[in-house]
Asker: 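My questions will all concern the structure given below.
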Amino acid sequence: MLTNKEIVDAIHQMRAMYPEAGTTLKADTTFHFLLATILSAQSTDKSVNMITPALFTRFPTPKSLAKAEPEDAEPYIQSLGLYHNKAKYLVNAARGIVTNFNGQVPHTIKELTSLPGVGRKVANVVLAECFHIPAFPVDTHVSRVARRLGMVKPNATVLQIEKRLKEAVPKDEWLDAHHAMIFFGRYQCTARNPKCNKCPLLPICKYGQDNVF
(Lines give C-alpha, C1' and ligand atoms only; values in the text may rest on other atoms or scores of the structure.)
Protein backbone atom coordinates (compact mmCIF):
# COMPACT_ATOMS: atom_id res chain seq x y z
CA MET A 1 0.00 0.00 0.00
CA LEU A 2 1.30 3.45 -0.91
CA THR A 3 1.95 6.04 1.77
CA ASN A 4 0.35 9.49 1.64
CA LYS A 5 3.52 10.95 0.16
CA GLU A 6 3.73 8.22 -2.48
CA ILE A 7 0.11 8.80 -3.46
CA VAL A 8 0.65 12.55 -3.82
CA ASP A 9 3.92 12.06 -5.73
CA ALA A 10 2.22 9.61 -8.10
CA ILE A 11 -0.65 12.01 -8.76
CA HIS A 12 1.82 14.85 -9.37
CA GLN A 13 3.49 12.67 -12.01
CA MET A 14 0.11 12.06 -13.62
CA ARG A 15 -0.55 15.79 -13.59
CA ALA A 16 2.81 16.40 -15.25
CA MET A 17 1.82 13.93 -17.97
CA TYR A 18 -1.55 15.63 -18.50
CA PRO A 19 -1.24 19.26 -17.42
CA GLU A 20 -4.35 20.15 -19.42
CA ALA A 21 -6.51 17.63 -17.55
CA GLY A 22 -9.90 19.08 -16.68
CA THR A 23 -13.57 18.51 -17.25
CA THR A 24 -14.44 17.77 -20.86
CA LEU A 25 -18.20 18.13 -20.41
CA LYS A 26 -19.61 21.29 -21.95
CA ALA A 27 -22.50 23.23 -20.44
CA ASP A 28 -23.62 26.84 -20.17
CA THR A 29 -25.32 26.73 -16.75
CA THR A 30 -25.02 24.77 -13.52
CA PHE A 31 -28.32 23.06 -14.27
CA HIS A 32 -27.13 21.97 -17.70
CA PHE A 33 -23.82 20.78 -16.25
CA LEU A 34 -25.77 18.63 -13.81
CA LEU A 35 -27.76 17.14 -16.71
CA ALA A 36 -24.59 16.47 -18.68
CA THR A 37 -22.97 14.77 -15.70
CA ILE A 38 -26.01 12.53 -15.22
CA LEU A 39 -25.90 11.64 -18.91
CA SER A 40 -22.18 10.81 -18.78
CA ALA A 41 -22.80 7.66 -16.74
CA GLN A 42 -21.63 4.75 -18.93
CA SER A 43 -21.25 7.19 -21.86
CA THR A 44 -18.24 9.15 -23.03
CA ASP A 45 -18.08 12.89 -22.48
CA LYS A 46 -17.61 13.27 -26.24
CA SER A 47 -20.87 11.48 -27.00
CA VAL A 48 -22.68 13.54 -24.36
CA ASN A 49 -21.34 16.82 -25.76
CA MET A 50 -22.62 15.89 -29.20
CA ILE A 51 -26.26 15.68 -28.10
CA THR A 52 -26.56 18.23 -25.30
CA PRO A 53 -26.72 21.47 -27.34
CA ALA A 54 -30.15 20.55 -28.73
CA LEU A 55 -31.29 19.23 -25.34
CA PHE A 56 -30.19 22.42 -23.59
CA THR A 57 -31.91 24.62 -26.17
CA ARG A 58 -35.17 22.69 -25.79
CA PHE A 59 -35.00 22.67 -21.98
CA PRO A 60 -33.18 25.82 -20.86
CA THR A 61 -34.32 25.76 -17.22
CA PRO A 62 -35.34 23.28 -14.54
CA LYS A 63 -38.91 24.52 -14.84
CA SER A 64 -39.09 23.82 -18.58
CA LEU A 65 -37.80 20.26 -18.14
CA ALA A 66 -39.94 19.64 -15.05
CA LYS A 67 -43.06 20.27 -17.15
CA ALA A 68 -41.99 17.64 -19.67
CA GLU A 69 -42.37 13.88 -19.65
CA PRO A 70 -39.44 11.49 -20.09
CA GLU A 71 -40.74 10.68 -23.58
CA ASP A 72 -40.20 14.34 -24.48
CA ALA A 73 -36.52 14.16 -23.57
CA GLU A 74 -35.79 10.77 -25.11
CA PRO A 75 -35.41 11.93 -28.74
CA TYR A 76 -32.58 14.23 -27.69
CA ILE A 77 -30.56 11.55 -25.89
CA GLN A 78 -31.46 8.33 -27.69
CA SER A 79 -27.95 7.91 -29.12
CA LEU A 80 -26.70 7.32 -25.56
CA GLY A 81 -26.86 4.05 -23.70
CA LEU A 82 -29.64 3.60 -21.15
CA TYR A 83 -31.47 6.57 -22.59
CA HIS A 84 -34.89 5.46 -21.33
CA ASN A 85 -33.71 5.53 -17.72
CA LYS A 86 -31.63 8.65 -18.24
CA ALA A 87 -34.64 10.54 -19.60
CA LYS A 88 -36.53 9.67 -16.43
CA TYR A 89 -33.61 10.83 -14.29
CA LEU A 90 -33.36 14.15 -16.11
CA VAL A 91 -37.05 14.97 -15.83
CA ASN A 92 -37.40 13.83 -12.23
CA ALA A 93 -34.21 15.63 -11.19
CA ALA A 94 -35.60 18.82 -12.71
CA ARG A 95 -38.88 18.29 -10.85
CA GLY A 96 -36.98 17.79 -7.62
CA ILE A 97 -35.04 21.01 -8.17
CA VAL A 98 -38.23 22.96 -8.84
CA THR A 99 -40.25 21.40 -6.02
CA ASN A 100 -37.64 21.18 -3.28
CA PHE A 101 -35.01 23.79 -4.09
CA ASN A 102 -36.90 26.74 -5.61
CA GLY A 103 -35.57 26.01 -9.08
CA GLN A 104 -31.91 26.26 -8.03
CA VAL A 105 -29.41 23.42 -8.19
CA PRO A 106 -28.54 22.67 -4.54
CA HIS A 107 -24.95 22.70 -3.35
CA THR A 108 -24.62 20.12 -0.60
CA ILE A 109 -23.90 16.44 -1.07
CA LYS A 110 -27.05 15.49 0.86
CA GLU A 111 -29.34 17.71 -1.20
CA LEU A 112 -27.81 16.78 -4.53
CA THR A 113 -28.00 13.05 -3.88
CA SER A 114 -31.68 13.43 -3.03
CA LEU A 115 -32.27 14.11 -6.73
CA PRO A 116 -33.08 11.13 -9.01
CA GLY A 117 -30.07 10.01 -11.03
CA VAL A 118 -27.60 11.85 -8.82
CA GLY A 119 -25.23 9.54 -6.97
CA ARG A 120 -22.24 10.54 -4.91
CA LYS A 121 -19.90 10.79 -7.90
CA VAL A 122 -22.21 13.10 -9.86
CA ALA A 123 -22.83 15.21 -6.76
CA ASN A 124 -19.11 15.55 -6.06
CA VAL A 125 -18.43 16.58 -9.66
CA VAL A 126 -21.09 19.30 -9.50
CA LEU A 127 -19.88 20.54 -6.11
CA ALA A 128 -16.29 20.81 -7.30
CA GLU A 129 -16.80 22.09 -10.85
CA CYS A 130 -19.77 24.41 -10.37
CA PHE A 131 -19.59 25.57 -6.76
CA HIS A 132 -15.84 25.26 -6.14
CA ILE A 133 -16.52 23.23 -3.01
CA PRO A 134 -13.66 20.79 -2.30
CA ALA A 135 -14.66 17.28 -3.35
CA PHE A 136 -12.94 14.22 -4.76
CA PRO A 137 -15.22 12.50 -7.31
CA VAL A 138 -14.40 8.83 -7.84
CA ASP A 139 -15.37 7.35 -11.20
CA THR A 140 -14.31 4.14 -12.93
CA HIS A 141 -10.95 5.59 -14.02
CA VAL A 142 -10.07 6.88 -10.56
CA SER A 143 -11.13 3.58 -9.00
CA ARG A 144 -9.06 1.52 -11.43
CA VAL A 145 -5.93 3.63 -11.04
CA ALA A 146 -6.17 3.76 -7.24
CA ARG A 147 -6.55 -0.01 -6.98
CA ARG A 148 -3.86 -0.90 -9.51
CA LEU A 149 -1.25 1.40 -8.02
CA GLY A 150 -1.93 0.17 -4.50
CA MET A 151 -3.30 3.45 -3.21
CA VAL A 152 -6.11 1.32 -1.78
CA LYS A 153 -6.80 -2.37 -1.35
CA PRO A 154 -7.91 -4.24 -4.51
CA ASN A 155 -11.41 -4.73 -3.09
CA ALA A 156 -11.83 -1.18 -1.78
CA THR A 157 -15.27 0.34 -2.30
CA VAL A 158 -15.79 3.65 -4.06
CA LEU A 159 -16.46 5.34 -0.73
CA GLN A 160 -13.28 3.85 0.76
CA ILE A 161 -11.29 5.06 -2.24
CA GLU A 162 -12.70 8.57 -1.88
CA LYS A 163 -11.90 8.62 1.85
CA ARG A 164 -8.32 7.39 1.33
CA LEU A 165 -7.55 9.87 -1.43
CA LYS A 166 -9.00 12.75 0.58
CA GLU A 167 -6.80 11.74 3.50
CA ALA A 168 -3.66 11.63 1.38
CA VAL A 169 -4.10 14.57 -0.97
CA PRO A 170 -4.21 18.20 0.23
CA LYS A 171 -7.73 19.58 -0.03
CA ASP A 172 -6.77 22.33 -2.46
CA GLU A 173 -5.49 19.67 -4.88
CA TRP A 174 -8.52 17.36 -4.81
CA LEU A 175 -10.08 18.49 -8.08
CA ASP A 176 -6.79 18.60 -9.99
CA ALA A 177 -5.95 15.15 -8.62
CA HIS A 178 -9.33 13.83 -9.74
CA HIS A 179 -8.77 15.11 -13.28
CA ALA A 180 -5.18 13.86 -13.40
CA MET A 181 -6.25 10.37 -12.38
CA ILE A 182 -9.08 10.37 -14.95
CA PHE A 183 -6.78 11.31 -17.81
CA PHE A 184 -4.15 8.83 -16.62
CA GLY A 185 -6.80 6.11 -16.51
CA ARG A 186 -8.31 7.14 -19.83
CA TYR A 187 -5.10 7.28 -21.85
CA GLN A 188 -2.36 5.40 -19.95
CA CYS A 189 -3.73 3.00 -17.34
CA THR A 190 -6.59 1.85 -19.54
CA ALA A 191 -9.04 -0.90 -18.61
CA ARG A 192 -7.80 -3.04 -21.48
CA ASN A 193 -4.19 -3.19 -22.64
CA PRO A 194 -2.74 -0.61 -20.23
CA LYS A 195 0.56 0.87 -21.39
CA CYS A 196 2.53 -0.54 -18.46
CA ASN A 197 5.85 -0.85 -20.29
CA LYS A 198 5.86 2.89 -21.03
CA CYS A 199 4.54 4.07 -17.68
CA PRO A 200 6.61 6.37 -15.46
CA LEU A 201 4.86 4.89 -12.43
CA LEU A 202 5.93 1.31 -13.20
CA PRO A 203 8.58 1.29 -10.42
CA ILE A 204 5.85 1.60 -7.75
CA CYS A 205 3.13 -0.40 -9.52
CA LYS A 206 2.97 -4.11 -8.73
CA TYR A 207 0.15 -4.54 -11.22
CA GLY A 208 2.32 -3.12 -13.98
CA GLN A 209 5.38 -5.09 -12.94
CA ASP A 210 3.35 -8.32 -13.00
CA ASN A 211 2.14 -7.48 -16.50
CA VAL A 212 5.47 -6.41 -17.96
CA PHE A 213 7.85 -8.94 -16.45
Side-chain angles (χ1 to χ4, degrees), residues 7 11 22-43 45 48 52 55-56 59-70 73 77 80 82 84-147 151-153 155-182:
I7 290 174
I11 291 174
T23 183
T24 49
L25 288 174
K26 298 178 181 178
D28 54 346
T29 66
T30 299
F31 172 60
H32 284 161
F33 187 84
L34 172 64
L35 298 187
T37 309
I38 292 173
L39 290 172
S40 69
Q42 298 185 48
S43 297
D45 289 0
V48 172
T52 47
L55 177 73
F56 294 164
F59 303 107
T61 64
K63 188 174 182 179
S64 62
L65 184 54
K67 291 179 178 178
E69 295 297 330
I77 65 171
L80 302 179
L82 307 174
H84 288 299
N85 285 335
K86 289 180 178 180
K88 293 176 184 176
Y89 289 149
L90 298 187
V91 170
N92 289 325
R95 289 173 179 172
I97 291 169
V98 170
T99 301
N100 300 322
F101 303 108
N102 299 314
Q104 301 297 315
V105 176
H107 52 270
T108 70
I109 191 82
K110 183 177 180 180
E111 291 172 330
L112 281 165
T113 54
S114 74
L115 299 172
V118 180
R120 189 173 182 87
K121 190 269 287 189
V122 170
N124 276 330
V125 169
V126 172
L127 288 177
E129 297 287 357
C130 298
F131 298 110
H132 308 293
I133 295 172
F136 206 124
V138 176
D139 71 348
T140 55
H141 297 298
V142 173
S143 297
R144 180 172 64 256
V145 170
R147 293 184 182 117
M151 295 178 177
V152 297
K153 295 180 179 178
N155 60 348
T157 66
V158 170
L159 196 57
Q160 288 170 334
I161 294 170
E162 179 185 335
K163 181 180 179 182
R164 179 71 187 103
L165 293 174
K166 288 167 75 172
E167 287 174 351
V169 180
K171 185 179 288 189
D172 61 351
E173 295 183 26
W174 285 355
L175 186 58
D176 277 351
H178 156 76
H179 287 309
M181 292 182 74
I182 285 180

Asker: Indicate the atoms forming the closest heavy-atom contact of Ala68 with Phe59, along with that distance.
Answerer: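 For Ala68 and Phe59, the tightest heavy-atom pair comes out as CB-CE2, 3.7 Å.
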Asker: Any idea which heavy atoms bring Ile77 and Ala87 closest together, and the distance?
Answerer: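 Smallest heavy-atom distance, with atoms named: CD1-N, 3.6 Å.
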Asker: Are the side chains of Asn124 and Phe136 in touch, meaning some heavy atoms are under 4.5 Å apart?
Answerer: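 No. Closest side-chain heavy atoms not under 4.5 Å.
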Asker: Between Glu129 and His179, is there a side-chain donor-acceptor contact under 3.5 Å, judged purely by atom types and distance?
Answerer: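 Distance-only check passes for His179 and Glu129.
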Asker: Using 4.0 Å as the upper bound for N to carboxylate O, is an ion pair formed by Lys121 and Glu162?
Answerer: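 Not counted as a salt bridge, because no side-chain N and carboxylate O are separated by less than 4.0 Å.
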Asker: Can you tell me how far apart CZ (Phe33) and CD1 (Ile38) are? Round to the nearest 0.5 Å.
Answerer: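 Spacing of CZ (Phe33) from CD1 (Ile38) equals 11.0 Å.
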Asker: Find out whether Asp176 and Ile11 are in side-chain contact, i.e. whether some heavy atom of one side chain is under 4.5 Å from a heavy atom of the other.
Answerer: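 A side-chain contact is absent here, since even the closest heavy-atom pair is not under 4.5 Å.
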Asker: Can you find a pair of side-chain heavy atoms, one from Ile109 and one from Arg120, that are under 4.5 Å apart?
Answerer: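 The answer is yes, as the side chains (C-beta and beyond) meet within the 4.5 Å cut-off.
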Asker: Does Arg147 reach the main-chain N or O of Lys153 with its side chain, forming a donor-acceptor pair under 3.5 Å?
Answerer: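 Absent.
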Asker: Would you give the length of the straight line joining atom CZ of Arg95 to atom CG of Leu65, rounded to the nearest 0.5 angstrom?
Answerer: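 Here the interatomic distance stands at 8.5 Å.
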Asker: Provide the closest heavy-atom pair for Val48 versus Ala36 in the form atom of the first, atom of the second, distance.
Answerer: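 Reported closest heavy-atom pair: CG1-O, 3.8 Å.
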Asker: If every non-hydrogen atom of Leu165 is compared with every non-hydrogen atom of Trp174, which pair is closest and at what distance?
Answerer: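 Closest approach of Leu165 to Trp174, heavy atoms only: O-NE1, 4.4 Å.
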Asker: Look at the aromatic rings of Phe56 and His32 and report parallel, tilted or perpendicular, splitting at 30° and 60°.
Answerer: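 Judged by the thresholds at 30° and 60°, the geometry between Phe56 and His32 is parallel.
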Asker: Working to the nearest 0.5 Å, report the span between CG of Leu115 and CG of Asn100.
Answerer: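 Between atom CG of Leu115 and atom CG of Asn100 there are 7.5 Å.
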Asker: Are side-chain heavy atoms of Met151 and Ile161 found at a separation under 4.5 Å?
Answerer: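 The answer is no; the side chains never approach within 4.5 Å.
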Asker: Mark yes or no for whether Ser64, through its side chain, and Thr61, through its backbone, hold a donor-acceptor pair below 3.5 Å.
Answerer: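 Here the side-chain-to-backbone pair exists.
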Asker: Could you check whether Ser114 and Glu111, counting side-chain N and O atoms only, form a donor-acceptor pair closer than 3.5 Å?
Answerer: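 Ser114 and Glu111 do not have a side-chain donor-acceptor pair below 3.5 Å.
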Asker: Using 0.5 Å steps for rounding, measure from the CZ atom of Phe131 to the OG1 atom of Thr30.
Answerer: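 That separation rounds to 5.0 Å.
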Asker: Is the CG atom of Asn102 crowded by more than 12 outside heavy atoms at less than 6.0 Å?
Answerer: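 Not more than 12 within 6.0 Å, no.
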Asker: Nearest heavy-atom pair of Pro106 and Ile97: which atoms, and what distance?
Answerer: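 Looking at all heavy atoms of both residues, the shortest contact is CD-CG1, 4.5 Å.
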Asker: Could you tell me which non-hydrogen atom of Ala128 sits nearest to which non-hydrogen atom of Ala135, and how far apart they are?
Answerer: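 Scanning both residues completely, I find the closest heavy atoms to be CB-CB, 4.2 Å.
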Asker: If you apply the rule side chain to side chain contact (heavy atoms under 4.5 Å, CB included), what do you find for Val142 with His178, and how did you get there?
Answerer: CA-CA 7 Å; Val142 173; His178 156 76; 4.1 Å; yes
Asker: Between Ser143 (side chain) and Thr140 (backbone), is there a donor-acceptor pair under 3.5 Å?
Answerer: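 No; zero donor-acceptor contacts below 3.5 Å.
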Asker: Take Thr52 and Leu35 through the test side chain to side chain contact (heavy atoms under 4.5 Å, CB included) and record every step on the way to the result.
Answerer: CA-CA 9 Å; Thr52 47; Leu35 298 187; over 6 Å; no
Asker: Can you establish whether the number of heavy atoms outside Glu167 located under 6.0 Å from its atom CD is more than 12?
Answerer: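 Enclosed.
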Asker: Between the side chains of Lys86 and Ser43, is a donor N or O closer than 3.5 angstrom to an acceptor N or O?
Answerer: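 The answer is yes; a qualifying pair exists.
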Asker: Verify the neighbour count for atom NZ of Lys166: are there more than 12 heavy atoms of other residues, nucleotides or ligands below 6.0 Å?
Answerer: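 For Lys166, atom NZ is crowded (more than 12 foreign heavy atoms under 6.0 Å).
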Asker: Atom NE2 of His141 and atom CE of Met181: how far apart are they, to the nearest 0.5 Å?
Answerer: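 Atom-to-atom, His141:NE2 and Met181:CE are 11.5 Å apart.
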Asker: If we only count heavy atoms from C-beta on, is the Val122 to Leu34 side-chain gap below 4.5 Å?
Answerer: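 Yes, side chains in contact.
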Asker: Between Leu55 and Leu90, is any pair of side-chain heavy atoms under 4.5 Å apart?
Answerer: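 Answer yes - side chains close enough.
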Asker: Check the pair Ile7 / Arg164 against side chain to side chain contact (heavy atoms under 4.5 Å, CB included), numbers first and verdict last.
Answerer: CA-CA 10 Å; Ile7 290 174; Arg164 179 71 187 103; 3.7 Å; yes
Asker: Please report the interatomic distance CD1(Ile133) to OG1(Thr108), rounded to the nearest 0.5 Å.
Answerer: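 Atom-to-atom, Ile133:CD1 and Thr108:OG1 are 8.0 Å apart.
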